Amino acid sequence: MEKAIIGGTGVYEIGQKVSKKLIETKYGEVEIDVVTIEGEEIVFLPRHGKSHAVPPHLVNYRANIMALKQMGVKYVYATAAVGSFNENYEPGDVVVLKDFLDFTKSRPLTFFEGEDGVVRHVDMSDPYCSNLRAKFYNAAKKEGLLIKGDAVYVCTEGPRFETAQEIRMYKNLGADVVGMTNIPEVILAKELGMCYAAVGIVSNWATGMKGSITLHEIKDTLELSKEKVIKTFIRVFLE
Ligand code: HPA
């Protein structure tokens, strides 16, 4: 199975579930769904578990990505709920992640631990596969999904939300949206040679932009856009 979708907050199921698989990896066990869409088998992995039980800083990212690799996955689309501090990207909008700033603090960030005596540095000049990004833009047009644009994503450690001053800093550094999960996911996928792209679904204004944030509000807003995003992923995979 070469294609996978990683579902972020609010995206816990897609398509017609065919089977559940428990994948054993060096980093732990991962439960994934195999779904069939128009005869094509696609791997689906809900990042936080089915009931959003694992907080962002404790997600076993290495096990998740290794499980996909072991299944033969080469292409990954992920969704990420994001807060926006770019006035042009409003709650409900969909953006395509183009680059990132890593402000995480305590997560295992790599598969490259030097055990085999080799030091490796993965290239990050195109962190989100430009091929998959272009395909997503094309498919979105056909699916009637409006993509607001590309976004620079800042990943915070969480699980707390950011302060208003932190958001001002991230804005000054050139970022557009904030989330807690795309690092190290995108890095690990790259280390294993997979093409990985991620779509940000804006669920709220970031701290200090307009009002305060609740998870409840985030989940409600995501409902509005997620169906079309998933349909667009599937269209890319089927073409
Ligand atoms: N901050 C961090 N992570 C998030 C946010 C946010 O405002 N919204 C959704 N995920």
Side-chain angles (χ1 to χ4, degrees), residues 5-12 45-61 64 76-107 109 127-128 145 147-188 196-230 233:
I5 293 174
I6 301 179
T9 301
V11 181
Y12 306 116
L45 172 65
R47 181 185 294 121
H48 300 265
K50 277 271 142 68
S51 47
H52 199 103
V54 187
H57 63 300
L58 296 179
V59 169
N60 193 342
Y61 297 97
N64 282 354
V76 185
Y77 275 110
T79 71
V82 295
S84 171
F85 43 94
N86 177 330
E87 296 285 349
N88 298 321
Y89 299 157
E90 301 178 10
D93 284 351
V94 173
V95 296
V96 172
L97 306 193
K98 190 176 177 206
D99 209 335
F100 66 73
L101 298 174
D102 178 6
F103 277 83
T104 63
K105 297 188 169 108
S106 70
R107 311 172 179 192
L109 283 171
Y128 301 95
L145 169 71
I147 299 174
K148 276 301 185 75
D150 290 337
V152 175
Y153 172 98
V154 57
C155 194
T156 61
E157 183 67 358
R160 68 168 176 87
F161 285 119
E162 301 69 40
T163 66
Q165 189 58 33
E166 285 171 327
I167 293 296
R168 281 191 285 273
M169 171 180 72
Y170 299 140
K171 196 176 165 80
N172 285 336
L173 292 177
D176 304 289
V177 296
V178 58
M180 301 175 189
T181 55
N182 209 248
I183 307 296
E185 199 171 89
V186 57
I187 301 170
L188 296 170
Y196 176 102
V199 167
I201 306 176
V202 179
S203 54
N204 57 282
W205 289 111
T207 310
M209 295 290 292
K210 297 171 196 201
S212 56
I213 311 163
T214 66
L215 187 60
H216 195 66
E217 172 199 49
I218 287 180
K219 287 187 170 160
D220 284 353
T221 309
L222 288 175
E223 283 303 317
L224 301 173
S225 307
K226 73 174 191 194
E227 291 304 328
K228 272 197 173 165
V229 168
I230 290 168
F233 287 160

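In each ligand, atom 1 is the first atom listed, and ligand 1 is the first ligand listed. Remember, it's a predicted structure, so these values are computed and weren't measured experimentally.
Near Val82, meaning under 4.0 Å from one of its heavy atoms, ligand 1 places the atoms 8 (N), 9 (C). Every atom of ligand 1 is numbered from 1 in the order shown, and the set under 4.0 Å from a heavy atom of Ala81 is 9 (C), 10 (N). Close approach of ligand 1 to Gly179 is summarised as follows: ligand atoms under 4.0 Å from at least one heavy atom of the residue are 2 (C), 3 (N), 4 (C). Atoms of ligand 1 lying under 4.0 Å from at least one heavy atom of Glu162, given by number and element, are 1 (N), 2 (C), 6 (C), 7 (O). Applying the 4.0 Å criterion to heavy atoms of Ser203 picks out, from ligand 1, the atoms 8 (N), 9 (C). Applying the 4.0 Å criterion to heavy atoms of Asn204 picks out, from ligand 1, the atoms 5 (C), 6 (C), 7 (O), 8 (N), 9 (C).
Side-chain contact check for Val178 versus Phe161: every heavy-atom pair is 4.5 Å or farther apart. Proximity of Arg107 to Val59: side-chain heavy atoms (C-beta onward) are nowhere separated by under 4.5 Å.
More than 12 heavy atoms of other shown residues, nucleotides or ligands fall within 6.0 angstrom of atom NZ in Lys148.
Between the side chains of Asn86 and Ser84, no donor N or O sits under 3.5 Å from an acceptor N or O.
Among Val96, Asp150, Val186, the one residue that satisfies the side-chain contact (heavy atoms from CB on, under 4.5 Å) test with Tyr128 is Val186.
Contacts of Thr207 with ligand 1, taken as heavy-atom pairs under 4.0 Å, are absent altogether.
The line from NE2 of His57 to CZ of Arg160 is 12.0 Å long, rounded to the nearest 0.5 Å.
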